[in-house]
Student: 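Below is the structure I would like to discuss, written out as structure tokens.
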2 protein chains.
Amino acid sequence: MKSIPKISETEWDLMKILWAKSPLTSQEIIEALEAQDPTWHPKTARTLLNRLVRKKAVSFQMEGRIYLYRPLVKQADCVKAVSQSFLERVFGGSLKPMLAHYVEHQKLSAEEIRELKRLLEERE
Amino acid sequence: MKSIPKISETEWDLMKILWAKSPLTSQEIIEALEAQDPTWHPKTARTLLNRLVRKKAVSFQMEGRIYLYRPLVKQADCVKAVSQSFLERVFGGSLKPMLAHYVEHQKLSAEEIRELKRLLEERE
DNA sequence: TGGACAGGATTACGCTGGTAATCCAGATTT
DNA sequence: AAATCTGGATTACCAGCGTAATCCTGTCCA
């Protein structure tokens with residue numbers, strides 16, 4: 001399993017766009033970013049795209065004079081990596097305190113709690 | 001609520017020591033770190049301690065010629081901050097996919113699953 | 001008493017990240 | 001054709017991080 005490159009916080013925003021739909025042109029990516037946060041600067045987005053390409057998280061292919069970008073790493077793999085390190089660092093690696101924390105601090109509806117329980121039941 | 005300073009990954013190691021027990025001398029902190037990972041270099045630990053002091057995550061008080069360090073920020077607050085941003089960034093802010101991910105990827109014993117369910121029941 | 005040592009302060013240094021601006025070449029507009 | 005625009009490439013810049021080494025000063029041992 002090729003080790004997944006480290007995606008920074010801001011780069012995640014970009015990756016999420018590409019994971020949701022790809023390939024996309026830089027223009028489309030930029031629009032998507034601006035849609036969710038108008039303060040995104042196009043130049044910044046391009047820089048990040050480049051960096052993601054350099055760290056092999058994203059590939060591109062020329063389509064005429066413009067590029068089409070697509071993710072090279074799978075979202076599931078990235079999620080797995082950061083989830084693991086997060087759980088480790090913040091909750092000493094054990095799920096129970098983590099779940100305890102979230103159910104305590106996220107205000108959850110009874111319905112949501114039931115859903116979560118159902119989720120666990122499936123695993124039982 | 002004073003905004004909590006941003007604690008870096010490595011700094012978390014230090015903070016966890018102090019959260020577990022404080023006040024501690026730098027010597028004690030260094031020993032604790034080396035205990036859990038012998039590659040910790042004392043100088044590095046001191047640097048990090050200083051940085052934590054500078055960013056007001058840790059305070060110290062002179063005890064004779066040495067310092068006693070103690071956390072200035074509460075673990076609960078730090079945990080809350082990073083948990084929030086993690087959930088947001090990686091799972092779009094919703095608990096269910098997150099829990100789904102973890103129960104899928106952490107191999108959990110039936111007992112653990114029961115515990116987690118119990119946890120949810122308490123909240124119901 | 002002079003040198004070694006301990007503990008804290010200061011300095012170092014290369015890498016990543018956030019945030020852009022500038023440069024350049026082909027496409028488009030006037 | 002000259003000027004402009006567009007999209008990508010290159011360059012910029014500073015803060016923070018990981019990782020220490022060096023410096024300074026007071027203390028303790030030989």
Side-chain angles (χ1 to χ4, degrees), chain A residues 3-18 23-34 36-70 73 78 81-82 85 88-89, chain B residues 3-18 23-34 36-70 73 78 81-82 85-86 89:
Chain A
S3 72
I4 55 150
K6 193 165 178 300
I7 313 287
S8 84
E9 300 234 351
T10 319
E11 288 165 352
W12 265 83
D13 291 346
L14 274 187
M15 293 305 291
K16 280 196 279 195
I17 306 264
L18 281 174
L24 292 177
T25 68
S26 55
Q27 193 47 47
E28 291 167 323
I29 295 171
I30 289 167
E31 274 160 21
L33 287 171
E34 283 176 336
Q36 61 189 210
D37 175 359
T39 72
W40 262 98
H41 193 299
K43 294 295 188 181
T44 302
R46 278 170 195 288
T47 299
L48 290 180
L49 255 182
N50 270 333
R51 285 183 184 168
L52 287 168
V53 168
R54 201 166 352 115
K55 62 171 77 167
K56 302 209 193 306
V58 163
S59 70
F60 62 90
Q61 132 201 35
M62 274 185 265
E63 185 63 37
R65 51 187 299 289
I66 60 182
Y67 290 2
L68 285 181
Y69 295 88
R70 49 170 50 98
V73 291
C78 290
V82 298
S85 100
E88 202 59 53
R89 176 164 43 96
Chain B
S3 72
I4 56 152
K6 193 165 179 302
I7 313 287
S8 83
E9 300 235 351
T10 319
E11 287 165 351
W12 265 84
D13 291 345
L14 273 187
M15 293 305 292
K16 280 196 278 196
I17 306 267
L18 281 174
L24 292 178
T25 68
S26 54
Q27 193 47 49
E28 291 167 324
I29 295 171
I30 290 168
E31 274 160 21
L33 288 171
E34 283 176 335
Q36 63 189 211
D37 173 1
T39 72
W40 263 98
H41 192 299
K43 295 295 189 182
T44 302
R46 277 169 195 288
T47 299
L48 291 179
L49 255 182
N50 271 333
R51 285 183 185 167
L52 286 168
V53 167
R54 206 175 338 124
K55 62 171 76 169
K56 301 206 193 305
V58 162
S59 71
F60 62 89
Q61 133 201 35
M62 273 185 266
E63 186 63 38
R65 48 188 301 289
I66 61 182
Y67 290 2
L68 285 181
Y69 295 88
R70 49 170 49 100
V73 291
C78 290
V82 299
S85 99
F86 166 75
R89 176 163 45 95

Student: Taking only N and O in the side chain of B/Y67, is any of them less than 4.0 Å away from OP1 or OP2 of C/dA6?
Tutor: no
Student: Which atom pair, heavy atoms only, marks the closest approach of B/L14 to B/A45?
Tutor: CD1-O, 3.9 Å
Student: Should the pair A/K6-A/E11 be classified as a salt bridge under the 4.0 Å nitrogen-to-oxygen rule?
Tutor: no
Student: Starting at the 5' end of DNA chain D, which residue's closest nucleotide do you reach first, B/R65 or A/Y69?
Tutor: A/Y69
Student: Can you give the first and last nucleotides of DNA chain D, 5' to 3', that have an atom under 4.0 Å from a heavy atom of chain B?
Tutor: D/dC17 to D/dT27
Student: For A/K55 and B/I66, take the nucleotide of DNA chain C holding the closest heavy atom to each; which residue's nucleotide lies nearer the 5' end?
Tutor: B/I66
Student: Which ones in residues 40-54 of chain A lie close to DNA chain D, meaning a heavy atom under 4.0 Å from one of its atoms?
Tutor: A/K43, A/R46, A/N50, A/R51
Student: Closest approach of A/P5 and A/K56, non-hydrogen atoms and distance?
Tutor: CG-O, 4.1 Å
Student: Do the non-hydrogen side-chain atoms of B/M15 and B/C78 ever get within less than 4.5 Å of each other?
Tutor: no
Student: Give the minimum heavy-atom separation between A/I17 and A/D13, together with the two atoms involved.
Tutor: CG1-O, 3.1 Å
Student: Please verify the inter-ring angle class for A/F60 with A/Y69; under 30° counts as parallel, over 60° as perpendicular, anything in between as tilted.
Tutor: tilted
Student: Keeping the roles fixed (side chain from A/E34, backbone from A/E31), state whether a donor-acceptor pair exists under 3.5 Å.
Tutor: no
Student: Just how far, in rounded Å, is C1' of C/dG7 from CD1 of B/I29?
Tutor: 13 Å
Student: Check whether any side-chain N or O of A/T47 sits under 3.5 Å from a backbone N or O of A/K43 as a donor-acceptor pair, and report yes or no.
Tutor: yes
Student: Establish, with yes or no, whether the OP1 or OP2 oxygen of C/dG7 is under 4.0 angstrom from a side-chain nitrogen or oxygen of B/Q27.
Tutor: yes
